[in-house]
Protein chains: 2
Amino acid sequence: MKTIVRIFKALSDQNRIRILKMLQSRPLCVCEITSILGLATSTVSKHLSILKTSGLISDRKDAKWVNYEIDLNSGDPEVDRVLRLMRGMLEKDEVIRTDRKKVTTVDRNRICSTESS
Amino acid sequence: MKTIVRIFKALSDQNRIRILKMLQSRPLCVCEITSILGLATSTVSKHLSILKTSGLISDRKDAKWVNYEIDLNSGDPEVDRVLRLMRGMLEKDEVIRTDRKKVTTVDRNRICSTESS
DNA sequence: TTTATATTTCGTTTAATAACGAAATGAGGA
DNA sequence: TCCTCATTTCGTTATTAAACGAAATATAAA
């Protein structure tokens with residue numbers, strides 16, 4: 001039960017839903033997500049840790065970046081069910097659509113470092 | 001998007017999940033739910049209003065009671081999807097199982113009024 | 001119309017959450 | 001080793017949420 005509540009809590013925030021929907025396109029690093037959401041890095045990092053604790057996503061080191069990705073084969077059938085649900089949701093939402101476009105054009109080598117947006 | 005966030009917020013509380021799972025058995029009035037959860041009436045009423053605002057449940061007056069029930073054919077496909085998801089979830093959870101048992105034996109004519117549990 | 005009772009609303013308190021900037025961590029490259 | 005830079009953690013602040021009891025509503029019965 002605690003697991004399920006944790007999953008729904010993870011999804012009960014607009015920014016975390018946006019992150020999850022972005023990750024459906026491809027794995028992203030913290031700074032890419034930060035530049036799309038327009039939040040502080042520390043805030044995004046916190047959102048990602050909440051999603052990770054819920055089991056919906058996982059992280060993987062890649063050179064100096066940490067890539068976050070949707071955790072398929074998490075082993076938890078409840079997580080899989082929710083991830084399938086999220087696949088079909090919000091596909092026509094305007095916020096999600098523009099986030100998706102940004103995901104295709106964002107370049108971590110430009111975006112990150114000292115520069116902004 | 002706001003609708004979806006509202007739905008997940010509604011489900012991000014253990015007591016509200018318990019209520020929703022109870023309502024899968026049959027419609028219940030506020031005092032029946034109150035006696036099973038062991039919370040104050042006003043608290044349960046608030047939980048029910050949150051679930052209702054999310055579109056997951058609806059209420060119907062019946063004599064001096066207000067029956068709450070799962071809102072099938074809500075018209076909203078996202079609500080239907082989530083309700084279907086919840087159907088298959090937590091079926092083996094201990095808390096949910098004991099709640100279900102209590103639902104079958106609870107009698108609003110005895111439970112309500114001045115008496116407790 | 002009065003009384004009883006089921007439910008909602010109000011006001012308050014306490015706990016949880018989201019946001020930020022600054023400082024700490026940790027891994028790669030010079 | 002030392003520096004750089006992406007990320008996390010820490011400390012703080014402001015907002016939201018959950019709980020309660022008391023008071024207000026509303027409906028049935030007397």
Original post:
Can you name the side chain to side chain donor-acceptor pair (under 3.5 Å) partners of A/D80, sequence neighbours left out?
Top reply: A/S74
Subject >> salt bridge (Lys or Arg N to Asp or Glu O under 4.0 Å) partner of A/E32, the single match among A/R110, A/R108, A/K102 >> reply: A/R108
Subject >> Which nucleotide in D/dT7, C/dC20, D/dA18 has an atom nearest any side-chain atom of A/W65 >> reply: D/dT7
Subject >> Polar side-chain atom of A/T53 near backbone of A/S49 as donor-acceptor pair, under 3.5 Å >> reply: yes
Original post:
Can you name the side chain to side chain donor-acceptor pair (under 3.5 Å) partners of A/D76, sequence neighbours left out?
Top reply: none
Subject >> Any A/H47 side-chain N or O less than 4.0 Å from OP1/OP2 of C/dT17 >> reply: no
Subject >> Pairing residues for B/K101 by the salt bridge (Lys or Arg N to Asp or Glu O under 4.0 Å) criterion, not counting sequence neighbours >> reply: none
Subject >> For atom CG of A/L28 and atom C1' of D/dT7, their distance in whole Å >> reply: 15 Å
Original post:
By salt bridge (Lys or Arg N to Asp or Glu O under 4.0 Å), which residues pair with B/R87, not counting sequence neighbours?
Top reply: none
Subject >> Interatomic distance, A/R110 CZ vs D/dA6 P [rounded to whole Å] >> reply: 15 Å
**OP:** May I have the distance from A/R16 (atom CZ) to C/dA19 (atom C1'), rounded to whole angstrom?
**Re:** 12 Å
Subject >> Any residue meeting salt bridge (Lys or Arg N to Asp or Glu O under 4.0 Å) with A/R6, in chain and number order, not counting sequence neighbours >> reply: none
Subject >> Length of the line joining A/I57:CD1 and D/dT7:P, which is rounded to integer Å >> reply: 13 Å
Subject >> d(CZ, B/R60; C1', C/dT7) in whole Å >> reply: 18 Å
Original post:
CG of A/L37 versus C1' of C/dC20: gap in Å, rounded?
Top reply: 15 Å
**OP:** Flag yes if B/L85 and B/I70 sit in one hydrophobic cluster, no otherwise; membership is Ile, Leu, Val, Met, Phe, Trp, Tyr, and two members link when side-chain heavy atoms are under 4.5 Å apart.
**Re:** yes
Original post:
Got a sec? Which of residues 1-15 of chain B come in under 4.0 Å of DNA chain D, heavy atoms?
Top reply: B/K9, B/D13, B/N15
Using atom types as modelled, flag every donor-acceptor pair under 3.5 Å from a side chain in residues 16-28 of chain B to any protein atom, sequence neighbours excluded.
residue	atom	partner	partner atom	Å
B/R16	NE	B/A10	O	2.8
B/R16	NH1	B/H47	ND1	3.1
B/R16	NH2	B/K9	O	3.2
B/R18	NE	B/D99	OD2	2.7
B/R18	NH2	B/D99	OD1	3.0
B/K21	NZ	B/Q24	OE1	3.0
B/K21	NZ	B/M86	O	2.8
B/K21	NZ	B/M89	O	2.5
B/K21	NZ	B/E91	OE2	2.8
B/Q24	OE1	B/R100	NH2	2.8
B/Q24	NE2	B/M86	O	3.3
B/S25	OG	B/R100	NE	3.4
B/R26	NH2	B/V103	O	3.0

**OP:** Enumerate the residue pairs fulfilling salt bridge (charged side-chain N to carboxylate O under 4.0 Å, His left out) with a member in residues 39-48 of chain A, sequence neighbours excluded, ordered by first and then second residue.
**Re:** none
**OP:** Starting at atom CD1 of B/I50, determine the distance to atom C1' of C/dT8, rounded to an integer number of angstrom.
**Re:** 14 Å
List, with names and distances, any nitrogen or oxygen atoms from the protein found under 3.5 Å away from nitrogen or oxygen atoms belonging to nucleotides 8-10 of chain D.
residue	atom	partner	partner atom	Å
D/dT8	OP1	A/Y68	OH	2.4
D/dT8	OP2	A/S45	OG	2.7
D/dT8	O5'	A/S45	OG	3.3

**OP:** Any chance you could measure B/C29, atom SG, to B/D59, atom CG, to the nearest 0.5 Å?
**Re:** 12.5 Å
**OP:** Enter the inter-axis angle for the ends of the helix from C/dT1-D/dA30 to C/dA30-D/dT1 (five pairs per end, rounded to 10°).
**Re:** 20°
Original post:
Donor-acceptor pair, A/D93 side chain versus B/M1 backbone, under 3.5 Å?
Top reply: yes
**OP:** For B/D13, check salt bridge (Lys or Arg N to Asp or Glu O under 4.0 Å) against everything at least two apart and list the hits.
**Re:** none
Subject >> Flag, side chain of B/T34 to backbone of B/V30, donor-acceptor distance under 3.5 Å >> reply: yes
Original post:
Rounded to whole angstroms, how far apart are CZ on B/R108 and C1' on D/dT27?
Top reply: 15 Å
Distances under 3.5 Å only, N/O to N/O: pair up the protein atoms with those of nucleotides 27-30 of chain C.
none

